[in-house]
Amino acid sequence: MNIILLGPPGAGKGTQAQMLVEERGMVQLSTGDMLRAAKTSGTEMGNMVAGVMARGELVTDEIVIGLIREQLQNGSSGGFIFDGFPRTLAQADALGGLLEEFGQTLDAVVELQVEDETLVARVVNRAKDAVAAGRAARADDTAEAMTTRLMEYYKKTSPLIGYYHAKGMLKTVDGLGTMEAVRADIANALQA
Ligand code: ADP
C-alpha cells in the first residue's frame with residue numbers, strides 16, 4: 001500500500017509516518033528530512049536550499065521530484081508513505097507519473113486537519129523542547145517562518161485536497177487528538 005500524508009506544517013505527518021513504519025514496515029519518504037540531510041552533509045544542493053527552507057518557502061519542484069524518483073527506484077515491499085510530498089499540483093502530477101513508471105499505485109491520501117493556532121503553538125514548542133534538550137531547533141521552527149510556511153501551504157499545497165478528493169482517494173482525519181487517537185483514526189481510514 002502506498003499512501004500520502006497531507007496536512008499543514010506541524011500537523012503531525014512525521015509522527016504518524018513513523019508509527020506506520022513501525023507497525024506496517026512501510027518506508028517513509030519525507031522530502032523535508034531528505035533536504036535537511038542534504039543541508040547537514042553540505043552537498044551543493046543542500047547549501048542551495050538552506051536559505052529557502054529557513055524562510056519557510058518551498059524548494060523547487062525539480063529538486064524534490066528528483067529526490068523522490070531516486071527513492072522509488074529502491075522499491076519497498078511494505079509500501080511507501082509520502083510525507084511532505086507532493087506539495088504542489090505539479091509535484092502531484094509528477095508523482096502519478098513516477099508511480100506508473102515504477103508499476104506502483106497510490107492507495108489513499110490521508111489529510112490531517114489541525115487549525116492554525118495549534119500548529120503555530122506546536123512548532124514553537126518543538127523548538128523550545130529541542131533547545132531544552134541541548135539540540136539545535138529547526139531553523140524554520142519560528143513563529144515568523146511559520147507564517148510563511150502556512151501561507152505556502154494554503155496557496156500551493158491545499159489545492160491537492162480537491163485534487164485527490166476528485167480522484168476519490170481523500171480520507172480526512174482530525175489531527176487534534178492524542179498521537180494514539182490520531183493513529184487509530186488513520187488505521188480506520190485506511191481500512192475504509
Ligand atoms: P513541515 O511539514 O513541518 O513544514 P517538512 O520537514 O516537511 O516540514 O519541510 C520543511 C521544509 O522543506 C519546507 O518548508 C520546504 O522548504 C522544504 N520542503 C519539504 N518538502 C518539500 C516539497 N515537497 N516541495 C517543496 N519544498 C519542500
Side-chain angles (χ1 to χ4, degrees), residues 2-18 20-21 27-41 43 45-72 80-99 106 109-130 135-161 163-164 173 175-176 179 182:
N2 298 311
I3 67 171
I4 294 173
L5 290 182
L6 189 63
K13 302 183 294 290
T15 304
Q16 295 300 329
Q18 209 44 56
L20 289 164
V21 167
V27 168
Q28 176 189 15
L29 297 185
S30 160
T31 41
D33 286 351
M34 293 175 211
L35 292 166
R36 277 185 291 277
K39 202 178 78 176
T40 306
S41 52
T43 64
M45 188 261 282
N47 295 336
M48 214 164 77
V49 300
V52 173
M53 290 176 74
R55 286 193 297 276
E57 295 161 10
L58 295 189
V59 312
T60 63
D61 290 335
E62 194 187 357
I63 287 178
V64 291
I65 292 165
L67 289 170
I68 290 290
R69 162 181 273 282
E70 267 172 40
Q71 297 297 318
L72 286 180
F80 290 108
I81 307 160
F82 298 95
D83 161 13
F85 179 93
R87 256 177 158 94
T88 63
L89 289 168
Q91 291 176 24
D93 281 334
L95 177 61
L98 283 173
L99 288 171
L106 183 61
V109 177
V110 178
E111 182 208 355
L112 290 177
Q113 283 189 331
V114 177
E115 87 273 359
D116 290 0
E117 300 88 273
T118 307
L119 297 169
V120 176
R122 281 185 182 179
V123 160
V124 170
N125 275 328
R126 176 163 72 185
K128 278 192 198 143
D129 288 349
R135 284 180 274 117
R138 267 173 57 167
D140 59 350
D141 275 353
T142 63
E144 195 194 3
M146 231 351 227
T147 308
T148 307
R149 287 161 69 190
L150 284 170
M151 193 56 78
E152 291 281 77
Y153 176 77
Y154 290 116
K155 274 200 302 203
K156 298 176 184 166
T157 309
S158 67
L160 299 188
I161 295 170
Y163 177 96
Y164 287 115
V173 166
L176 260 197
M179 269 161 54
V182 177

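In each ligand, atom 1 is the first atom listed, and ligand 1 is the first ligand listed. Quick note: numbers below take in every heavy atom, side chains included, and nothing from hydrogens, waters or symmetry partners.
The salt bridge (charged side-chain N to carboxylate O under 4.0 Å, His left out) test applied to E152 returns K156, not counting sequence neighbours. Here D129 pairs with nothing under the salt bridge (charged side-chain N to carboxylate O under 4.0 Å, His left out) rule; sequence neighbours left out.
No donor-acceptor contact under 3.5 angstrom links the side chains of Y153 and D116, judged on distance only.
For residues 62-72, the pairs satisfying side-chain hydrogen bond (donor to acceptor under 3.5 Å, both in side chains) are R69-E101, with sequence neighbours left out.
Within 4.0 Å of ligand 1, heavy atoms belong to protein residues P9, G10, K13, T31, G32, L35, R36, M53, E57, L58, V59, V64, G84, F85, R87, Q91, R126, R138, D140, R149.
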Walk me through whether L20 and Q28 qualify under side chain to side chain contact (heavy atoms under 4.5 Å, CB included). CA-CA 8 Å; L20 289 164; Q28 176 189 15; over 6 Å; no
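Within 6.0 Å of CD on E115 lie more than 12 heavy atoms contributed by other residues, nucleotides or ligands.
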